[in-house]
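Worksheet: one structure, shown below.
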Amino acid sequence: MAEDRLRYPVGPMPRSAGPLDSATRRAHIDAIAGAPAKFRSLVAGLDDRQLDTPYRPGGWTVRQVVHHVPESHMNAYVRMKLALTEEAPQIKTYEESLWAELPDGKSGPIEMSLALLEALHRRWVAFLRLLPDADFRKTYTHPDLGRVTLDEAVAMYEWHCRHHAAHIAQTLQA
């Protein structure tokens, strides 16, 4: 149970039961908009020792988490664009655990990923806020999850922001 709490400090990723109402969707998009500032504030002033501390035994370091978030969100942004321009496209997954082990993820300066996250989220949020409600019902097909609506993807990535921010926060509290 304690291991689950360390791994999923905000609980496991939920799967949406249906379309989001406008207020919930807006709140999720607002949370995505605020995520870069949250991550920047969490890691402000951390030294290399702190950045290279894992958030749980066998887990990624704070540095790897900071690099992972924009990598994941770039994939999400592209998947959403594909869903709007193709009919339920089959998306490609990636080996995020292997990406985290690449040199830039293991030892790269976090500023480059924080800046990327800020720019990406500005563009992603502007895109999401311009979509008509009907577009949030469009889907992509994930090899493991099946069909994912844009509404569901928005909810998943709002969770993803909270999930990894909580990983960093729990590391700093330890």
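Predicted model only: the values in this text are computed from it and were never measured.
Considering only residues two or more places apart in sequence or on other chains, Lys106 meets the side-chain hydrogen bond (donor to acceptor under 3.5 Å, both in side chains) condition with Glu101. Remark: Thr139 engages no residue in a side-chain hydrogen bond (donor to acceptor under 3.5 Å, both in side chains) (not counting sequence neighbours). Scanning for salt bridge (charged side-chain N to carboxylate O under 4.0 Å, His left out) contacts around Arg129 gives Asp30, with sequence neighbours left out. Evaluation of the salt bridge (charged side-chain N to carboxylate O under 4.0 Å, His left out) rule for Arg56 yields Glu3 as partners, not counting sequence neighbours. Residues that satisfy the ring-ring contact (aromatic ring centres under 6.0 Å, His included) test with His73, not counting sequence neighbours, are His121, Trp124, Tyr157, His160. By the salt bridge (charged side-chain N to carboxylate O under 4.0 Å, His left out) test, Arg25 is found to be paired with Asp133, Asp151, residues two or more places apart in sequence or in another chain being considered.
With hydrogens and angles left out, the side-chain atoms of Ser72 and Asn75 include no donor and acceptor closer than 3.5 Å.
Pairs engaging residues 117-127 under the salt bridge (Lys or Arg N to Asp or Glu O under 4.0 Å) rule: Arg40-Glu118 [sequence neighbours left out]. Applying the salt bridge (Lys or Arg N to Asp or Glu O under 4.0 Å) test to residues at least two apart or on different chains, the pairs with a partner in residues 159-174 are Glu158-Arg162. Pairs of residues two or more places apart, or lying in two chains, never qualify as salt bridge (Lys or Arg N to Asp or Glu O under 4.0 Å) while including a residue from residues 65-80.
Considering every non-hydrogen atom in both Ala153 and Met80, the closest pair reads CB-CE, 3.5 Å.
Applying the under-4.5 Å side-chain rule to Ile, Leu, Val, Met, Phe, Trp and Tyr, the cluster around Leu172 extends to Phe39, Leu42, Val43, Leu46, Leu51, Tyr55, Trp60, Val62, Val65, Val66, Val69, Ile110, Leu114, Leu117, Ile168. When hydrophobic residues (I, L, V, M, F, W, Y) are linked wherever their side-chain heavy atoms come within less than 4.5 Å, the members clustered with Tyr94 are Trp99.
Residue Asp104 holds its CG atom at 7.0 Å from OG of Ser113, rounded to the nearest 0.5 Å.
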Scan the side chains in residues 84-93 for donor-acceptor partners under 3.5 Å anywhere in the protein, sequence neighbours excluded, and list what turns up.
from: Thr85; atom 1: OG1; to: Lys81; atom 2: O; distance (Å): 3.0
from: Thr85; atom 1: OG1; to: Leu82; atom 2: O; distance (Å): 3.4

